[in-house]
2 protein chains.
Amino acid sequence: MQTLSTEDYLKAIYHASQSASGTVATTSIANKIGAKSSSVTDMFKKLSDQKLVKYQKYQGVTLTSEGVKTALRIVRKHRLWESFLVSHLNFNWDEVHQVAEQLEHIQSEKLTNELERFLDYPTHDPHGDPIPNRALFMKSYNKILLTELPLNKEGICVGVKDNSSDFLRYLDRRQIGIGTPILVLHREDFDQSLHIQAGNSTLMITQKTAENIYIKP
Amino acid sequence: MQTLSTEDYLKAIYHASQSASGTVATTSIANKIGAKSSSVTDMFKKLSDQKLVKYQKYQGVTLTSEGVKTALRIVRKHRLWESFLVSHLNFNWDEVHQVAEQLEHIQSEKLTNELERFLDYPTHDPHGDPIPNRALFMKSYNKILLTELPLNKEGICVGVKDNSSDFLRYLDRRQIGIGTPILVLHREDFDQSLHIQAGNSTLMITQKTAENIYIKP
DNA sequence: TATTAAATTTAGATGAGTCTAAATATTTTA
DNA sequence: TAAAATATTTAGACTCATCTAAATTTAATA
Ligand SMILES: [Mn+2]
Ligand SMILES: [Mn+2]
Ligand SMILES: [Mn+2]
Ligand SMILES: [Mn+2]
């Protein structure tokens, strides 16, 4: 049985190891968690004692298979709760993260599994991220960044890289969401900005925006 | 913003002050929380510093109006979650308490209010206990114990005093639940056991059982 | 490659929440 | 009402999670 804090660390380590490869550095977790690196070092030692990570002084950590499992159990709960909040409790996709951050720590296998059943076994959360099933297995789409979508080839928005409220509300205003069909009409060489067709409307987006939208071609 | 621990203490003090009258003693909270009385004394001081209870050394505590409000906000969440677990997630009424004990600490007014709406503004939880509304107001039935129900006067089971799994499952086996109509056919003078009609079946129950069932006459 | 810069760890401290054991106050009862 | 029993508080210690400041290691660069 983990504490709330160790669970958050394991999840942060898991996410960090997804984006970058190899070991996860102290500072990257310190930034994610919002703690000082000395605190992170302490936690790395604790997690190492519990055999949840492999830790080598000055070299960072990697999750053990037990650590991955524990992290995935938290991710599963986080994403199921986010789905519930959006589908049944009128939350917008930019409001769910902070609450799911708490709900993910509720300990009850029955609760998690019944919630999954109640939601009819969703495969992806409101941000397009895959939800691990009971066996902790998930399959993600074969997705690319919008910056990589060739001209005039239609794709579908299946996710976002930046989950911040600011970005998600910006997409709301642009009427871009999960499932929106997207076509790149023109790519401006000067600043890499894009003219796109999103749903029925055409609009311009910056490179920075395009870098944070996942597309299934 | 309270910690999980102070919230549990406030709730325990609230419940204790409902049953008994006057101030709440250290030991009674120690028993409810499952902590040593020295720990309770420490917490009483902290709550007193926060003006949530009035504390006089050796004399116990009483909740301030701010303390009552905080306690009721927890009770509200606890009972809404219990309702959700039973009505939508296939939990039995004897399984919900432990999970609600965790869920009651989730901090999000929007979550609480949307959950209440989703459940269609329930007034009572699965154990028959009243759910405080958004304004923290609740009205409870005019209820009596089954031991006090006169012979041959029909009443309805509207609650239980003992919320233990053992007792609730015992009632399940006897097919007694919230809403079950009950008639006392005979009261045995020797041991105060009762012959009752519960729903369609007649059965015998001990005084101890009858003392834990609330009836609306 | 020697020096500087950056990352990481260690040492020592703090606060919350808990405990045991001892001291003190209150309540019961003879 | 004085002694005994019970309840409560105090003193001192422990764990967990965190911090700051200093020391150490690794990485970058001149
Ligand atoms: Mn969390
Ligand atoms: Mn998400
Ligand atoms: Mn609780
Ligand atoms: Mn209840």
Side-chain angles (χ1 to χ4, degrees), chain A residues 1-14 16-17 19-63 67 70-71 74 101-102 104-105 107, chain B residues 1-13 16-17 19-63 67 70-71 74 101-102 104-107:
Chain A
M1 197 104 308
Q2 303 306 315
T3 68
L4 188 145
S5 189
T6 59
E7 290 188 343
D8 280 338
Y9 273 90
L10 285 172
K11 191 162 58 98
I13 295 168
Y14 173 78
S17 63
S19 34
S21 58
T23 65
V24 174
T26 308
T27 315
S28 75
I29 297 304
N31 293 333
K32 270 209 170 58
I33 296 271
K36 300 293 164 183
S37 35
S38 53
S39 308
V40 175
T41 300
D42 279 355
M43 186 56 86
F44 279 3
K45 287 177 188 165
K46 277 180 217 162
L47 293 174
S48 180
D49 290 346
Q50 300 180 251
K51 310 263 192 246
L52 294 166
V53 302
K54 200 154 85 63
Y55 169 53
Q56 283 196 79
K57 257 195 200 181
Y58 295 99
Q59 300 308 131
V61 289
T62 52
L63 289 170
T70 309
I74 315 297
E101 202 54 48
Q102 301 173 59
E104 69 190 359
H105 303 289
Q107 318 253 220
Chain B
M1 197 103 311
Q2 304 305 314
T3 68
L4 188 146
S5 188
T6 58
E7 291 188 343
D8 279 339
Y9 273 91
L10 285 171
K11 191 163 58 102
I13 295 168
S17 63
S19 34
S21 57
T23 65
V24 174
T26 307
T27 315
S28 75
I29 298 304
N31 292 333
K32 270 208 170 58
I33 297 271
K36 299 295 163 181
S37 34
S38 52
S39 308
V40 175
T41 300
D42 280 354
M43 186 57 86
F44 278 4
K45 288 177 187 165
K46 277 180 216 161
L47 293 174
S48 180
D49 290 345
Q50 300 180 250
K51 311 265 191 241
L52 294 165
V53 302
K54 200 154 85 61
Y55 169 52
Q56 285 197 78
K57 254 194 200 180
Y58 294 100
Q59 300 308 130
V61 288
T62 52
L63 290 170
T70 309
I74 315 298
E101 202 54 49
Q102 301 174 60
E104 69 190 358
H105 303 290
I106 304 291
Q107 318 255 224

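Labels below follow one simple rule: chain letters A, B, ... track the order of the sequence lines, proteins then strands, and each chain is numbered from 1.
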Between which nucleotides of DNA chain D, 5' to 3', does chain A make heavy-atom contacts below 4.0 Å?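 So the outermost contacting nucleotides come out as D:dC16 to D:dT26.
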Distance in angstrom units between [X] [atom1] and [N] [atom2], rounded:
X: B:M1; N: C:dA16; atom1: CE; atom2: P; value: 16 Å
X: A:N31; N: C:dA6; atom1: CG; atom2: P; value: 15 Å
X: B:Y58; N: C:dT26; atom1: OH; atom2: C1'; value: 9 Å
X: A:L4; N: C:dG17; atom1: CG; atom2: P; value: 14 Å

Would you jot down, in residue-number order, the residues of residues 45-53 of chain A having a non-hydrogen atom under 4.0 Å from DNA chain C? A:K45
More than 12 heavy atoms of other groups within 6.0 Å of A:K54 NZ: no
Search all heavy atoms of B:Q59 against all heavy atoms of B:T23 and return the closest pair with its distance.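 B:Q59 and B:T23 have their closest heavy atoms at O-OG1, 3.0 Å.
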Smallest separation among heavy atoms of B:E104 and B:E7, with atom names: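 Here B:E104 and B:E7 meet closest at O-OE1, 4.4 Å.
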Return the [atom1] to [atom2] distance between [X] and [Y], rounded to the nearest 0.5 Å.
X: A:K46; Y: A:T3; atom1: NZ; atom2: OG1; value: 7.5 Å
X: B:K32; Y: B:K11; atom1: NZ; atom2: NZ; value: 10.5 Å
X: A:T26; Y: A:M43; atom1: OG1; atom2: CE; value: 13.0 Å
X: B:L52; Y: B:I13; atom1: CG; atom2: CD1; value: 9.0 Å

Identify, between A:K57 and A:T3, the residue whose nearest nucleotide on DNA chain D lies closer to the 5' end.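 On the 5' side of the pair lies A:T3.
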Distance check: side-chain N/O of A:T41 vs OP1/OP2 of C:dT9, anything under 4.0 Å?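 Yes, A:T41 has a side-chain N/O under 4.0 Å of OP1/OP2 on C:dT9.
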Has A:S37 got a side-chain N or O lying under 4.0 Å from the OP1 or OP2 atom of C:dT9?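 So the side chain of A:S37 is outside the cut-off, no N or O lying under 4.0 Å from OP1 or OP2 of C:dT9.
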Positive for side-chain contact (heavy atoms from CB on, under 4.5 Å) with B:V40, one of B:V61, B:I29, B:N31, B:T27: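 Checked B:V61, B:I29, B:N31, B:T27 against B:V40; only one passes side-chain contact (heavy atoms from CB on, under 4.5 Å): B:I29.
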Classify A:F44 by what it touches in the nucleic acid, base, sugar-phosphate, or nothing, heavy-atom distance under 4.0 Å.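 If one applies the 4.0 Å heavy-atom cut-off, A:F44 turns out to touch nothing in the nucleic acid.
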